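In the text below, chain A, chain B and the rest are named by the order of the sequence lines, each starting its count at 1. Being a predicted model, the structure only gives us computed values, none of them experimental. Scope of the values below: all heavy atoms of this structure, side chains included, with no hydrogens, waters or symmetry mates.
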Protein chains: 2
Amino acid sequence: MASSLPGNIQIGTRASRQRQAVLEVLSRAKGHMPAVDIYQKVQKKFPRVSLGTIYRNLKTLKEAGLIEEIHLDEHTHYYEIKTGGEHYHLLCLGCGKVVEFKYPLEYILSNVPEASGFRVLNTDLRFSGYCASCSKNEDSR
Amino acid sequence: MASSLPGNIQIGTRASRQRQAVLEVLSRAKGHMPAVDIYQKVQKKFPRVSLGTIYRNLKTLKEAGLIEEIHLDEHTHYYEIKTGGEHYHLLCLGCGKVVEFKYPLEYILSNVPEASGFRVLNTDLRFSGYCASCSKNEDSR
DNA sequence: CTCAATGCAAACAGTTTGCACGACG
DNA sequence: CGTCGTGCAAACTGTTTGCATTGAG
């Protein structure tokens, strides 16, 4: 498929029901989801849908800039609806809970000399560790 | 950390040559490397070494806290020697160049209300975009 | 001598892709 | 109708694992 320029996406023109379903699942979830979860949700509506289709649509939607792909752990890709404001993730290694938070990183960027001249398009910040309750349990050993 | 640098590793009880080789390759590289690259380097010294061994050692070394696993792109795991000070990555989407930089993130952390009570062990910050020279080429479209 | 670590190959999970058919515009 | 998108299955990639063997301590 010839790569289309940003803005020249045909999401509006030929929107299959499956593609809409993927987008709907993601927007309902209002958080990150792995492809398999999306697959299972979409399957409820379209039992014959295939994982391949899910991946293809995720790719399309990602290229269209509608969704975002993040990697919280190293096995899986997670996807989420691209909201206006960027947010980052706080990941608990104990219970796997993921908390989202916002923070303006422009300041940091301007204080990183190595980044001068760099046109930054994407920012990824993640803290991982143990949440309050998991910390307690960890303490007891 | 109490562990010493390559040449005298103290992880479990046994330090195999292959394990030392992995560590040595990584410390020589003084940067991140994918497992396959490490594999190929180690292979020069131990032609019969297997990828499985590399992965097993990377896992062991990671658990021992000697090396770190980072994900710059979504396909591969990259590994690097854990230095004293944490650093982050500036990734050029054009030429693939990776620049490392340091920045104290404690301040940010203390300003993220969601993180209160959280015991943060690891921090990951990445900026991606186009470096100065790649930006120029991009401009011409 | 013992047991951790190895080599090898087969198994895995997540993701991608080729093909013929179906459906969107 | 012409394509784009789909379902299906098979291929691929990076990583893990079972098993018999080796070798460090």
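Counting to the nearest Å, the P atom of C/dT16 and the CD1 atom of A/I54 are 13 Å from each other. The interatomic distance linking A/R17 (CZ) with D/dG5 (P) rounds to 14 Å, in whole Å. Rounded to an integer number of Å, the gap from B/Y78 OH to D/dG14 P is 10 Å. At whole-Å resolution of the value, CD1 in B/I38 and P in D/dG14 are 14 Å apart. The interatomic distance linking B/H71 (NE2) with D/dG14 (C1') rounds to 14 Å, in whole Å. Note: CD (B/Q20) to C1' (D/dA24) measures 11 Å, nearest angstrom. The interatomic distance linking B/Y39 (OH) with D/dG14 (C1') rounds to 14 Å, in whole Å. The distance between atom CD of A/E63 and atom C1' of D/dC4, rounded to the nearest whole Å, is 15 Å.
Phosphate contact (OP1/OP2 of D/dG7, side-chain N/O of A/T53, threshold under 4.0 Å): present. Applying the 4.0 Å criterion to OP1 and OP2 of C/dG7, one finds that B/Q18 has a side-chain N or O inside that range. Between D/dT15 and A/H75, no contact under 4.0 Å exists linking OP1 or OP2 to a side-chain N or O.
You'll find the side chain of A/F127 reaches within 4.5 Å of the side chain of B/L109, heavy atoms only.
For the residue pair B/E114 / A/H89, no side-chain donor-acceptor distance below 3.5 Å is found, with atom types taken as modelled.
Considering A/T123, A/D124, A/N122 as possible partners of B/R126, the one that fulfils the side-chain hydrogen bond (donor to acceptor under 3.5 Å, both in side chains) test is A/D124.
A/V49 comes within 4.0 angstrom of sugar-phosphate atoms only, judged by non-hydrogen atoms across all strands, and of no base.
Contact of A/R56 with D/dG7 (side chain to base): a donor-acceptor pair of N or O atoms is detected under 3.5 Å.
Where B/Y55 and A/R48 meet DNA chain D, the nucleotide closest to each residue was compared, and A/R48 sits on the side nearer the 5' end. If you find the closest nucleotide of DNA chain C to B/S50 and to A/L51, the one lying nearer the 5' end belongs to B/S50.
Remark: the backbone N or O of A/V49 is not paired with any side-chain donor or acceptor of A/T53 at under 3.5 angstrom.
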